[in-house]
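Heads up: the structure comes next, in structure tokens.
Given the structure is predicted, the values throughout are model-derived calculations rather than measurements. Residue numbers count from 1 along this sequence.
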Amino acid sequence: MTNSEYLISSSHLELAETRLKKSQRLKNVGQPLQLPGKALGIEVVGNTAWIAENTTVARSIDLVSGKTTKLYRGHQGPVSALALWHTDSRQILITGSWDKTIKLWDANTKDLISSTDAHSDFVKSLLVIPSANLLVSGSSDKLIRFWNLHVEQQPLQSAGSLSSHTRPVECLSSRVSENGDVELCTGDTMGIIRLWTLTYDDRRWTSSLKAEFNHHRTKISDLYLGSGQLWTASSDETVQVRNLYEAEKKPVPQPIQHSTAVRCLLPLYLTDLQEPYIMTGSGDSMRVYDVSSVDEPELLNEIDAHWHDITHIRLWMRELMDEKTKQKSVEPWIVTTSLDSTIRRWRLSDLLVPKPKSTEPPASISPPQAKPGFSRSLEEEQELDELLDSD
């Protein structure tokens with residue numbers, strides 16, 4: 001064994017021991033739901049969460065009871081992305097996988113509607129633009145492809161593509177204006193973000209570049225487009241915001257710095273809740289910021305939420321029923337997923353109350369570097385290691 005191999009092995013053991021201790025300390029925090037695999041994607045509607053797993057299945061979970069209600073089997077690799085499409089008659093689950101396919105399922109019956117050989121490499125991201133009946137997919141093959149949605153039992157037909165990115169397309173977001181104009185935002189693993197205007201003609205989608213942003217140094221891990229703003233999270237340890245449509249150019253807000261890569265964020269004021277807060281996931285910690293003043297975000301809380309990296313943060317408008325009066329009500333909760341194979345559930349009002357800071361020093365162990373000589377990039381080797389890691 002070489003010195004470098006010994007150091008990597010030693011780091012693995014130290015990291016595993018640190019995570020084991022933290023898993024025991026946090027075993028009941030956030031009302032955890034244990035998954036058989038790791039959640040690579042999540043969508044929440046009502047009291048149901050749809051999960052894309054590295055176990056080759058997608059599943060739906062009742063967030064109140066914690067029970068799995070349906071399993072969608074058929075992919076030959078990790079299910080890396082999912083989206084929901086609501087038609088007049090039924091709800092459609094759309095999944096993308098490392099097996100390079102996109103599959104459409106009847107969300108209620110679990111019936112497979114269609115399977116499409118969509119890309120030449122991993123499907124990394126999916127986005128449904130409901131008003132346009134448009135599905136957008138991003139991939140490790142660096143392509144963005146457009147698909148006109150239908151429920152016929154045949155593969156989707158390509159309705160156009162974008163090939164301007166030079167790295168895997170990790171993130172997608174969109175905005176539809178009041179007059180129906182469609183804008184698409186795309187982010188890749190090099191840190192490049194592009195804003196496009198989409199046009200539909202003769203069953204094909206074409207795009208024109210509206211703006212390009214390169215204010216991040218590396219991978220875009222999450223992005224949100226809305227209300228004239230673009231919020232982005234990156235592996236460069238920052239969350240940043242850009243105002244897109246101001247007539248007067250104002251100074252760019254300072255980046256919100258974190259101590260490690262930021263995998264996910266949730267701007268609550270871009271959701272139906274419209275509250276002036278954003279939540280970020282960096283390492284295994286979740287932060288809550290008051291962004292009433294975007295130029296001066298205030299850190300309200302930092303929570304030890306998981307014992308491994310947080311991968312997604314979603315709003316859950318929890319539907320409640322009063323057993324006596326039979327009156328329905330809704331309470332805002334937050335749902336987080338992690339590479340620790342849990343889903344955790346948090347009452348939003350509790351997260352907005354600052355907690356005393358822990359006296360336990362945070363772990364400062366970096367994941368071991370992948371060995372050279374493989375055809376995959378270092379970034380993809382680290383991702384594969386995380387997905388297959390059984391810690």
Between [X] (side chain) and [Y] (backbone), is there a donor-acceptor pair under 3.5 Å?
X      : Y      : result
Asn54  : Lys38  : yes
Thr238 : Gln240 : no
Asp188 : Gly191 : yes
Tyr72  : Thr95  : no
Arg287 : Gly281 : no
Asn301 : Val353 : yes
Ser161 : Ile144 : no
Ser60  : Lys70  : yes
Glu296 : Val294 : no
His312 : Leu40  : yes

Please find the pair of heavy atoms, one from [X] and one from [Y], that lie closest to each other, and give the distance.
X      : Y      : answer
Glu237 : Ala261 : CG-N, 3.7 Å
Ala305 : Arg344 : O-CD, 3.2 Å
Ser221 : Cys264 : OG-N, 4.4 Å
Ser65  : Asp62  : N-OD1, 3.1 Å
Thr311 : Ser338 : OG1-N, 3.6 Å
Lys103 : Ser115 : NZ-OG, 2.7 Å

Beyond-backbone contact of [X] with [Y], side-chain heavy atoms, under 4.5 angstrom:
X      : Y      : value
Ser140 : Lys124 : yes
Gln229 : Val241 : yes
Val128 : Leu134 : no
His119 : Ser137 : yes
Tyr200 : Asn148 : yes
Ile51  : Ile343 : yes
His75  : Thr101 : yes
Leu230 : Ile193 : yes

Begin from the C-alpha positions of Asp117 and Lys100 and carry the test salt bridge (charged side-chain N to carboxylate O under 4.0 Å, His left out) through to its verdict.
CA-CA 6 Å; Asp117 293 326; Lys100 310 171 191 177; over 6 Å; no

Mind checking the [atom1]-[atom2] spacing from [X] to [Y]? Nearest 0.5 Å is all I need.
X      : Y      : atom1 : atom2 : value
Ser158 : Trp147 : OG    : CH2   : 5.0 Å
Leu63  : Arg314 : CG    : CZ    : 12.5 Å
Leu300 : Leu351 : CG    : CG    : 10.5 Å
Asp236 : His215 : CG    : NE2   : 8.5 Å
Leu33  : Ile61  : CG    : CD1   : 6.5 Å

Are there over 12 heavy-atom neighbours, none belonging to [X], within less than 6.0 Å of that residue's [atom1]?
X      : atom1 : answer
Asp88  : CG    : no
Arg90  : CZ    : yes
Gln76  : CD    : no
Arg204 : CZ    : yes

Does [X] belong to the same Ile/Leu/Val/Met/Phe/Trp/Tyr cluster as [Y], with side-chain heavy atoms less than 4.5 Å apart forming each link?
X      : Y      : value
Ile92  : Leu156 : yes
Leu315 : Met286 : yes
Leu348 : Val288 : yes
Trp346 : Leu273 : yes
Leu299 : Leu352 : yes

Identified side chain to side chain contact (heavy atoms under 4.5 Å, CB included) counterpart of [X] within the set [options]:
X      : options                        : answer
Trp205 : Val136, Ile129, Thr199, Leu198 : Leu198
Ile94  : Trp85, Trp50, Trp105           : Trp85
Cys185 : Leu127, Leu244, Leu172, Leu195 : Leu195

Taking 4.0 angstrom as the limit, do [X] and [Y] come out as a salt bridge?
X      : Y      : result
Lys219 : Glu170 : yes
Arg318 : Glu331 : no
Arg25  : Asp304 : yes
Lys328 : Glu319 : no
Asp222 : Arg263 : no

Determine, step by step, whether Tyr224 and Trp231 satisfy the ring-ring contact (aromatic ring centres under 6.0 Å, His included) criterion, reporting the C-alpha distance in whole Å, the side-chain angles of both residues, the deciding distance to 0.1 Å, and the verdict.
CA-CA 5 Å; Tyr224 282 82; Trp231 283 91; 9.5 Å; no

Ring geometry between Trp333 and Trp316 (parallel below 30°, tilted from 30 to 60°, perpendicular above 60°)
tilted

I'd like to know whether Asp141 forms a salt bridge (charged side-chain N to carboxylate O under 4.0 Å, His left out) with Arg145, so could you lay out the CA-CA distance, the side-chain angles of the two residues, the decisive distance to 0.1 Å, and finally the verdict.
CA-CA 11 Å; Asp141 66 11; Arg145 302 194 70 177; over 6 Å; no

